Amino acid sequence: MSENKFKLSIPHDSVERNLGILCVFVALLVAVGGIVEIVPPYYLDDAEPAVEGVRPYTPLELEGYAIYRKEGCYLCHSQMIRPFRDEKERYGHFSLAAESRYDHNYVWGSKRTGPDLARLGTKYTDAWHVQHLRQPTSVVPESVMPNYAWLETNVLDTSKTKARMEALRTLNVPYEQGDIDNWEADLKAQAAADDGAGEDDLRARYERNTWVNEEGVVDQWTDSFKPTPLNVRAFDGDASDVTEMDALVAYLQSRGNMVHFEEGVDYYHDKFGQPYRK
Amino acid sequence: MSAVSHQEYDYDIVKICVVLSIILGLVGTFFGTFIASQLAWPALNFDNPYLSFGRFRPMHTNTVIFAFGGFMLYATAFYIVQRTCHVRIWSSKLAWAAIWLWLIGLVCALLTFPLGITQGKEYHEAEWWIDIILAVSWVLYSLNFIMTIKNRRTSHIYVALWFFLGMMFMVSYIFVFNGMALPVDMTFSYSAYAGVHDAMVQWWWGHNAVGFFLTAGFLGVMYYFVPKHVGRPIYSYRLSVVHFWSIMYLYVWVGAHHLQYTAIPDWTQSLGAGMSIALIFPSWGGMLNGMMTMSGSWHKLRTDPVMRFMIVALAFYGMSTFEGPLMAIKSVNALSHYTDWTVGHVHSGALGWNAMIAIAALYHMITYIWRPMYSVKLINVHFWIHTVGAVLYITAMWASGVLQGLMWRAFDDYGNLVYTFADSVAAMHPFYAMRTIGGALVTIGFGIMLYNLVKTLQAAKAEEGQQTAVASA
């Protein structure tokens, strides 16, 4: 009797007897959720509202990012500040989607065994970073971070830098041909390994207001907007060579100050305008 | 019942996967214990790049999920599909190809991680060319499974097989789409997606690796081995139908709950939270279906440690699938996200549910395809060591996670933060030490299991020798 009471209204028996139907049903059903959540953000403007100041990485920062990923820093450090009072106090303004628009891969992380690094740039001196990476407990006694002494002695492998930039350009990161052609001069200039010869060229290239990607999409910032000046110096304190330490510290010092946050501007609730404005 | 004599089934492909799964379970939990002790005692990084936590952590996650869990899923799929379809595997050659490719892919992954070669995506670290090896293996495995069902001598497709099919389709989707990358060379590639989009795709992968590889697949294992082991039919057929379709549909949506309050659109966060809460119903339906199947055979718990693994696995499954929706609620997630609570939650699923149902299935299969286990007493010892280890691990991470979350958000009467981040790191030490002990116990448990397996295989070999001696005499 209970058999009839709860009888299924769909003929499930035929699904169980027919492999083809079962496979098609399953294959379609499991595709739904992902499509609905992943595809629309590509087409909705408010998924990644435009904001001025976010530029692609310089060659040296790009190598620093590669080291960040290679050493698995993202497993213990997030780069995604949430809109809470304590996080604002501790780390700074909450992270905007556009701030990681050129991050292939994103490095938001999922765990804070160490603190968030999204706005680490300029918070500490280069010397602090070098000492901290060499031996974290020498500056933060409670730290459980490994020592990364080899970063200082490893000369940076730049054999892939150009290929990295070309790959990213294919993925629509707005590097122009000049940026790619001058990768080596720019990399040395930023680490001050060229006695300042290439600094002006480097700044002209990465402190510009017009960015055009391979598809011809132009990102034009207003003339009055002054891009955040690049950090150009011997990051590890030694200008004679470019080490992994130079690259990683250059990357860390670039974290989170490309956007100029203004008092009183709502960067969160604007669902329509680009860029965010009152 | 059996329309085919056992000799017709190919058990060699099951046997190799059972052995590999147990060995790699021991290796993977050892890696886990090692990285856990690094967090408690950082000197164990040895100032050595190849052993440092950041490079070593994927060694643990990949070995336990894809090597231990993977070979267990290969073993059980090959075992269940033959036995419930009453037919030999469609192609033994393809099965061996899938097994070897999976092993080669994993070995390549484990050799490249210490060198810092990684895609930088959690649980999907292996570089693009290793991804291709693993994907080919997965497709061969799935194809063989589907073709075997096609050849079945039974009219209906058994429920365990539905879950395996769901896993095979979904894992193919998420592995391929999350793995989309532009190679720079053999050692480096960039994800095809950036920023927000990469985050969405990554957690669509991340959570569905849990939802399908570690849940749908393992539920398939549960739906075969629990009824088989206790000798009773599944409690409710209808519940299994509802359980199956709702799990297939709902799980896919919930990845966004890993990104609550981040820069992804608000609506995806809410959708992720809502679907996560809905997911408790099918999950608990499945848990109850498994538990109630044992109802009437409770007396066997007194003598059968394998059944103990099963019931505790289901209890942990119920607990984790309650905790998951809880943590997906945005206001709870505000506290739990970025803390050890997440790690604790993962391990209540992994050590409690996944490992225990896997261990039960492995013991069960060894008994059927070789001979009864060498020592039932040692299975019991394994059960208790594993259970105590898992509970120690999980409680340590709960306590440290909640403590971390509360310390980070504490303000004093003057509106200043009470604790520095370093204060919270220092407060974690006792919990990290306790977690290491829990992990070590689980590792010892796997060591006992491997010893028991080796002894069983020796005994099986000796018996085989005796039989041939008798036959020739």
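What you are looking at is a predicted structure, and each value in this text was computed from that prediction instead of being measured. To find a chain, count down the sequence lines: A is the first, B the second, and so on, and within it residues start at 1.
- Donor-acceptor pairing under 3.5 Å is lacking for the side chains of A:Asn105 and B:Asp198.
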task = List the steps and the verdict of side-chain contact (heavy atoms from CB on, under 4.5 Å) for B:Leu271 and A:Glu37.
result = CA-CA 9 Å; B:Leu271 203 51; A:Glu37 289 184 347; 3.7 Å; yes
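- Considering only heavy-atom pairs separated by less than 4.5 Å from chain A, the leading option among B:Trp162, B:Trp41, B:Phe46 is B:Trp162.
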inquiry  = Using side-chain contact (heavy atoms from CB on, under 4.5 Å), reason through A:Arg112 and B:Trp408 one step at a time and then give a plain yes or no.
reply    = CA-CA 11 Å; A:Arg112 285 180 185 155; B:Trp408 292 344; 3.6 Å; yes
task = Evaluate the side-chain contact (heavy atoms from CB on, under 4.5 Å) criterion for residues A:Arg82 and B:His337: first the C-alpha distance (whole Å), next the side-chain angles of each, then the deciding distance (0.1 Å), finally the verdict.
result = CA-CA 10 Å; A:Arg82 298 175 297 170; B:His337 192 47; 3.4 Å; yes
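- Residues B:Phe411 and A:Arg85 are in side-chain contact: their nearest non-hydrogen atoms beyond the backbone lie under 4.5 Å apart.
- Judged by the 6.0 Å distance and 45° axis criteria, A:Arg90 is not positioned over the aromatic ring of B:Phe421.
- The contact between A:Glu48 and chain B is made entirely by side chain atoms (from C-beta outward), counting heavy-atom distances below 4.5 Å.
- Only one option out of B:Tyr251, B:Tyr249, B:Phe212 pairs with A:Val30 in a side-chain contact (heavy atoms from CB on, under 4.5 Å); it is B:Phe212.
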message = Is there a side-chain contact (heavy atoms from CB on, under 4.5 Å) between A:Leu29 and B:Phe169? Walk through the geometry before answering.
response = CA-CA 10 Å; A:Leu29 198 66; B:Phe169 279 105; over 6 Å; no
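- Residue A:Ala149: no heavy atom, backbone or side chain, is found under 4.5 Å from chain B.
- The distance from atom CG of A:Asp116 to atom OH of B:Tyr338, rounded to the nearest 0.5 Å, is 6.0 Å.
- Within the cation-pi definition used here (under 6.0 Å to the ring centroid, within 45° of the axis), A:Arg164 qualifies as a partner of B:Phe188.
- By the neighbour-count criterion of 12 heavy atoms within 6.0 Å, atom CZ of A:Phe261 is densely surrounded, having more than that number from other residues, nucleotides or ligands.
- Ring pair B:Tyr237/A:His12 is perpendicular by interplanar angle, where above 60° counts as perpendicular and below 30° as parallel.
- Contact annotation: the side chain of B:Trp203 approaches that of A:Ser110 to within less than 4.5 Å [non-hydrogen atoms, C-beta and beyond].
- The distance between the ring centers of B:Tyr193 and A:His104 does not fall below 6.0 angstrom.
- Using a 4.5 Å cut-off between heavy atoms, A:Val107 makes no contact with chain B at all.
- With a 4.5 angstrom heavy-atom cutoff, A:Thr113 touches chain B via backbone and side-chain atoms both.
- If you measure heavy-atom distances from A:Leu44 to chain B, the contacts under 4.5 Å come from the side chain alone.
- A side-chain donor-acceptor contact under 3.5 Å links A:Lys160 and B:Thr187.
- Along residues 72-79 of chain A, the residues that come nearer than 4.5 angstrom to chain B, judged on non-hydrogen atoms, are A:Gly72, A:Tyr74, A:Leu75, A:Cys76, A:Ser78 in order of number.
- Under 4.0 Å is where a charged nitrogen must lie from a carboxylate oxygen, and between A:Glu16 and B:Arg152 no such pair does.
- Most heavy-atom pairs under 4.5 Å with chain A, from the set B:Ile146, B:Leu417, B:Leu259, B:Val159: that is B:Leu417.
- Within the 4.5 angstrom heavy-atom criterion, only backbone atoms of A:Arg101 (N, CA, C, O) approach chain B.
- Neither the backbone nor the side chain of A:Tyr68 has a heavy atom closer than 4.5 Å to any heavy atom of chain B.
- Of the residues considered (B:Thr268, B:Thr118, B:Thr420), B:Thr118 shows the highest number of contacts with chain A, using heavy-atom pairs under 4.5 Å.
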